[in-house]
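What follows is a set of notes on a single structure, which appears directly below.
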Amino acid sequence: MLDIQLIRSHPDRVRGAIAAKKAKADVDAVLAADEKWRHATTEAQKLQAESNAANRDMGRLMKENRAEGEKLKVRLKELSDRRKALEDEAKALEGERDRLVLDLPNIPQDDVPVGPEETHNRVVKEGGAKPAFGFKPQAHWDLGPKLGVVDFDRAAKISGSGFVLFTGLGARLQRALVAWFIDVHTREHGYTEVYPPVLVLRDTMVGTGQLPKFEEEMYKLKDDPLYLIPTAEVPVTNIYRDEILPAEKLPLLHCAFSLCFRREAGAAGKDTRGMIRVHQFDKVEMVKWTRPEESEAEHEKLTANAEVLLNRLGLPWRRVLIATAGMGFSNQKQYDLEVHAAGVDRWIEVSSCSNFGEFQARRAGIRFRDTDGKLRYVHTLNGSGLALPRIVVGILENFQQADGSVVIPEVLRPYMGVDRLTAV
RNA sequence: GGAGAGGUACCGAAGUGGCCAUAACGGGCUCGAUUCGAAAUCGAGUAGAGGAUGAUGAGUCCUCACGUGGGUUCGAAUCCCACCCUCUCCGCCA
C-alpha cells in the first residue's frame, strides 16, 4: 500500500508507476475520495470536540440543576445526531478511499528498466554452462515416466489436469532438494527455518498484496474464510503483522518450505504439458525484514543466496532484471532466475527475488523503532530458493545421458543415496 | 462442539455510566544523580494512528485508540448484542 501522504503530494509519481506497470488503477479517484473524506472528517471532529466539551459539564449540571441539565440534554441529543450522521459519512468515504488505494501498485525503483516485458527485461548475470549432447535430449514429460519418477496420467486421475504424482526416486528427489535447500540457507546463509500454515485468513492475503487484486488466482475454501497460499511469502511475511520489531534484530531472515497452490486462471492453456506450470507445487522461500536503507543490498544478497544453489547443482542459469510491465504488483524491484532446460529448449523461471520496499510492511503494519525513537516501516523482501518441480525439470533434462539415465548432482547424493536415475 | 474464566501500555494489574487514559499501583527498560565501581536508593523518561494549521520543518490545536465490530445513552473501559483470541474442564480426534 502506498502512503496516502505520498499520493497527495506526488500524484504524478504514482501515475507514472501505474503506466509503467500497465496497471489498472485511478489516482484521481483516490485524490477525490481522499479530499471528500478529509472534509467530512474535519467537520465530524469539530462536532465531536464541541460535544465532548459540553458533556464534561453535564454530570455536574445534572446534580446541581436538573432542569437546566434536561434542557442541555435535548440540545446535545440534536448535536449528537448530527455528529453521528457525519461520522457515518466520513467512514463510508474512508472505506471507499482505502479500497482505491489498495489497488495502486508499488512504484518501481529508479534503476528498473521501463517498458514491456519481452523487449526490456535485461539479462544481468549468467552462470553454469548448457550441457553438450551427442543425441537429441528428451523433454521431462517423456523422460520422467520412463524413469518411473513421475506419473502424469494417474495424477490427472486423482486431481485432474495440472497436477503431478511423484513416484519412487522422483518423490525422494523432491524431498532431497527441499532438505538440501533449507540446509544451505540455515547453515550458510543465516536464515532461521519456519514451517507455516498453508491455509490463511483473508487479512493475511491482503497484507502481502495478493488480495484484493488477484482473487481469481487463489484457491478459496467454501465453508471457511480461508485461502490456500500461492507462496510461503504470504504466511511468513505475515508472521510479524502488526508488530514492532526490535531494531537490533534487523535484518531478520527466515526461510520456509511450503506447498503452493495456484489456480492459474489467467494462464489457461499455457504450459499444459509436463510439470512446468501446475496447480500445486513445493517451494523453499527466503523472506527478509530490513531497515529501509539496507534493503537494496539485502536484495542482492538474497538473489545471490538462490544463485548459489543453482551453481552447486550445476544447472545453466541466468539472472533477469524484470522491466516495469513484467513486475509484480507489490514489487519495487524484481530479479527472476531462469534455468535452461535442454529437453524443451527454453528458459524456465525457477526463482523470483523481490524487494517490496515498505509497500507490504505498510499494508501489514510491520515496523521497527529507529535510533531516533521514531517508528518506521521495515522493508520486506523475498525470493524462491528454489521452486520445485521446475528444478526437477532442469535436472532431468540437463543431466540425462545417452542411455536414458539421469545423473544426480553431487550435492544431492547424500540425500538421495544413489548417484543416478535409471530407466525401469 | 459444550461449560466456565479472561483480553486495559513492554509485563503484571486497578478501574463496573461523567472528576479514569499522555491509564492508579507494582515491575521491567533507558538516561541522570549517588558510588572507586556495583547493588540499594532518589529523579526524569518510556504510544500510537489520523485531521486542522505551518513549508512534507518546528510548534500549536483537535479527534480516535481499554480484543474486534455494532447498539443503548447527552455521555461507555464500564450496560446490551455479535464475533475473534487465550486459559481451565468435558466431548471428539491424528
Side-chain angles (χ1 to χ4, degrees), chain A residues 1-14 27 30-102 107 195 197-207 221 223-227 235 238-249 292 358 361-378:
Chain A
M1 179 167 61
L2 294 177
D3 183 2
I4 186 67
Q5 313 270 4
L6 174 87
I7 302 168
R8 278 178 203 148
S9 52
H10 300 288
D12 283 336
R13 284 189 61 195
V14 183
V27 183
V30 171
L31 290 173
D34 181 54
E35 181 61 42
K36 280 200 273 181
W37 168 77
R38 279 194 289 171
H39 181 74
T41 297
T42 305
E43 291 306 307
Q45 286 181 356
K46 276 183 198 160
L47 289 187
Q48 181 73 62
E50 195 183 329
S51 158
N52 284 349
N55 277 319
R56 262 191 279 275
D57 304 326
M58 192 63 182
R60 184 175 41 78
L61 191 60
M62 286 302 271
K63 284 190 198 108
E64 292 172 0
N65 188 336
R66 189 69 191 221
E68 278 302 307
E70 292 296 338
K71 268 166 75 183
L72 181 59
K73 197 159 141 180
V74 174
R75 202 172 67 76
L76 288 185
K77 170 67 176 163
E78 190 264 338
L79 182 66
S80 167
D81 288 344
R82 267 201 299 151
R83 196 198 75 228
K84 276 178 186 161
L86 256 175
E87 275 173 0
D88 288 347
E89 191 192 331
K91 200 165 205 179
L93 288 166
E94 185 176 26
E96 190 191 329
R97 182 197 72 178
D98 289 348
R99 251 195 314 284
L100 291 165
V101 170
L102 280 178
I107 299 171
Y195 183 80
V198 297
L199 284 172
V200 299
L201 296 167
R202 185 180 173 83
D203 279 353
T204 304
M205 288 289 221
V206 172
L221 297 205
D223 294 327
D224 292 287
L226 294 168
Y227 293 79
N238 277 281
I239 287 174
Y240 301 110
R241 176 148 51 99
D242 295 324
E243 289 193 30
I244 295 162
L245 301 174
E248 67 275 12
K249 286 229 175 125
E358 63 171 41
R362 193 173 276 282
R363 285 179 167 234
I366 310 171
R367 297 177 294 174
F368 73 103
R369 196 173 294 282
D370 212 342
T371 42
D372 61 3
K374 290 271 189 293
L375 287 174
R376 296 214 158 78
Y377 287 103
V378 298

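Every value quoted in this text rests on a predicted model; they were computed, and no experiment measured them. Here is how names work: the chains are called A, B, and so on, in the same order as the sequence lines, proteins then strands, and each is numbered from 1.
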### Query
Side chain of A/K91: nearest nucleotide among B/U56, B/A52, B/G70?
B/G70
#### Entry: For B/A65, the Watson-Crick or wobble counterpart (both distances under 3.5 Å)
none
### Message
What is the separation between atom NZ on A/K84 and atom P on B/G70, rounded to the nearest whole Å?
### Response
12 Å
## Note on the structure
Closest non-hydrogen atoms of A/N238 and A/G207, given as atom of the first, atom of the second and distance, are OD1-CA, 4.0 Å
### Query
Do any N or O atoms from the side chain of A/T204 and from the backbone of A/V200 form a donor-acceptor pair under 3.5 angstrom?
no
### Message
Taking B/U60 as the reference, what is the distance to B/U78 when you measure between their P atoms (whole Å, please)?
### Response
32 Å
### Message
Between P on B/G51 and CG on A/D98, what's the gap in Å once rounded to a whole number?
### Response
11 Å
### Message
What's the gap between B/G27 and B/A13 when it is taken at their P atoms, as a whole Å value?
### Response
16 Å
### Query
Does B/G54 fall in syn (glycosidic angle within 90° of 0) or anti?
syn
### Query
For the side chain of A/S9, counting heavy atoms from C-beta on, which of B/U56, B/G18, B/C64 is nearest?
B/U56
## Note on the structure
Against the side chain of A/K77, the closest entry in B/C74, B/C62, B/A52 is B/C74
### Task
Quick one: label A/H39 by what it contacts on the DNA or RNA (base, sugar-phosphate, nothing), any heavy atom closer than 4.0 Å.
nothing
#### Entry: B/G4: pairing nucleotide in any strand, Watson-Crick or G-U under 3.5 angstrom
B/C87
### Query
Which heavy atom of A/L375 sits nearest a heavy atom of A/R367, and at what distance?
CD1-NH1, 3.7 Å
### Task
Scan every strand shown for a Watson-Crick or G-U wobble partner of B/A24, both distances under 3.5 Å, and answer none if you come up empty.
none
### Task
Can you tell me, in whole Å, how much space there is between the P of B/G75 and that of B/C64?
12 Å
Identify every side-chain donor-acceptor pair in residues 74-84 of chain A under 3.5 Å, counting partners at least two apart or on other chains, and give the distances.
residue : atom : partner : partner atom : Å
A/R83   : NE   : A/Q48   : OE1          : 3.1
A/R83   : NE   : A/E87   : OE2          : 3.2

### Query
Once you round it to whole Å, what is the distance between P of B/U63 and CH2 of A/W37?
16 Å
### Summary
pair_partner(B/U35), Watson-Crick or wobble, both distances < 3.5 Å, evaluates to none
#### Entry: A/Q48 side-chain proximity, nearest of B/C64, B/A52, B/G69
B/C64
### Query
Looking only at atom C1', what distance separates B/A77 and B/A23, rounded to whole Å?
10 Å
### Query
Taking the side chain of A/H10 as its heavy atoms from C-beta onward, which of B/U56, B/G18, B/U63 lies nearest to it?
B/U56
### Query
Which value, in whole Å, describes the distance between the P atoms of nucleotides B/G50 and B/U41?
40 Å
### Message
Please compare A/S80 and A/D88 by the position of their nearest nucleotide in RNA chain B and report the one closer to 5'.
### Response
A/D88
### Message
Please find the pair of heavy atoms, one from A/V378 and one from A/F368, that lie closest to each other, and give the distance.
### Response
CG1-CD2, 3.6 Å
### Query
Only one of A/R97, A/E94, A/R8 clears side chain to side chain contact (heavy atoms under 4.5 Å, CB included) with A/R38; which?
A/R8
### Query
Does B/U73 have a Watson-Crick or wobble partner in any strand here, with both distances under 3.5 angstrom, and which is it?
none
### Summary
Pairing partner of B/A44, by Watson-Crick or G-U wobble and under 3.5 Å for both distances, is B/U30
#### Entry: P-based separation of B/C83 from B/G1 [nearest Å]
11 Å
### side-chain N/O A/R8 vs B/U56 OP1/OP2, d < 4.0 Å
no
### Query
Atom CG of A/L375 and atom C1' of B/G48: how far apart are they, to the nearest Å?
7 Å
### Message
Keeping A/R363 on the side-chain end and A/V206 on the backbone end, is there a donor-acceptor pair under 3.5 Å?
### Response
yes
### Message
At 4.0 Å (heavy atoms only), tell me whether A/R75 reaches a base, stays on the sugar-phosphate, or touches nothing.
### Response
nothing
### Gap in Å between the two P atoms, one belonging to B/G70 and one to B/C31, rounded
43 Å
### Task
Answer whether the closest heavy-atom distance between the side chains of A/M1 and A/V101 falls below 4.5 Å.
yes
### Message
If you assign each of A/R367 and A/V74 to its closest nucleotide in RNA chain B, which residue comes earlier from the 5' end?
### Response
A/R367
### Query
Considering only side-chain heavy atoms of A/R83, which listed nucleotide, B/G75, B/G51, B/U63, is closest?
B/G75
### Message
Whole angstroms only, please: what is the CG-P distance between A/L93 and B/G51?
### Response
14 Å
### Message
Measuring from the side chain of A/Q45 (C-beta onward, heavy atoms only), which nucleotide among B/C74, B/U56, B/C62 has the closest atom?
### Response
B/C62
### Message
Any strand counts, and the cut-off is 3.5 Å on both contacts for Watson-Crick or G-U wobble. Which nucleotide pairs with B/A94?
### Response
none
## Note on the structure
Whole-Å distance, A/R241 CZ to B/C85 P, equals 13 Å
### Query
If you measure from the C1' atom in B/U68 to the same atom in B/U8, how many Å do you get, rounded?
15 Å
### Atom-to-atom span, CG of A/L76 to C1' of B/G75 - whole angstrom
9 Å
### Message
Does B/G17 have OP1 or OP2 under 4.0 Å away from a side-chain N or O of A/N55?
### Response
no
### Query
Is A/N52 near enough to B/G75 that one of its side-chain N or O atoms lies under 4.0 angstrom from OP1 or OP2?
no
### Message
Expressed as a whole number of angstroms, how long is the span from A/D81:CG to B/G71:P?
### Response
12 Å
### Task
State the pairing partner of B/A52; accept Watson-Crick or G-U wobble contacts with both distances under 3.5 Å, and report none otherwise.
B/U60
### Task
Would you mind telling me which of B/G51, B/G75, B/U63 lies closest to the side-chain atoms of A/A49?
B/U63
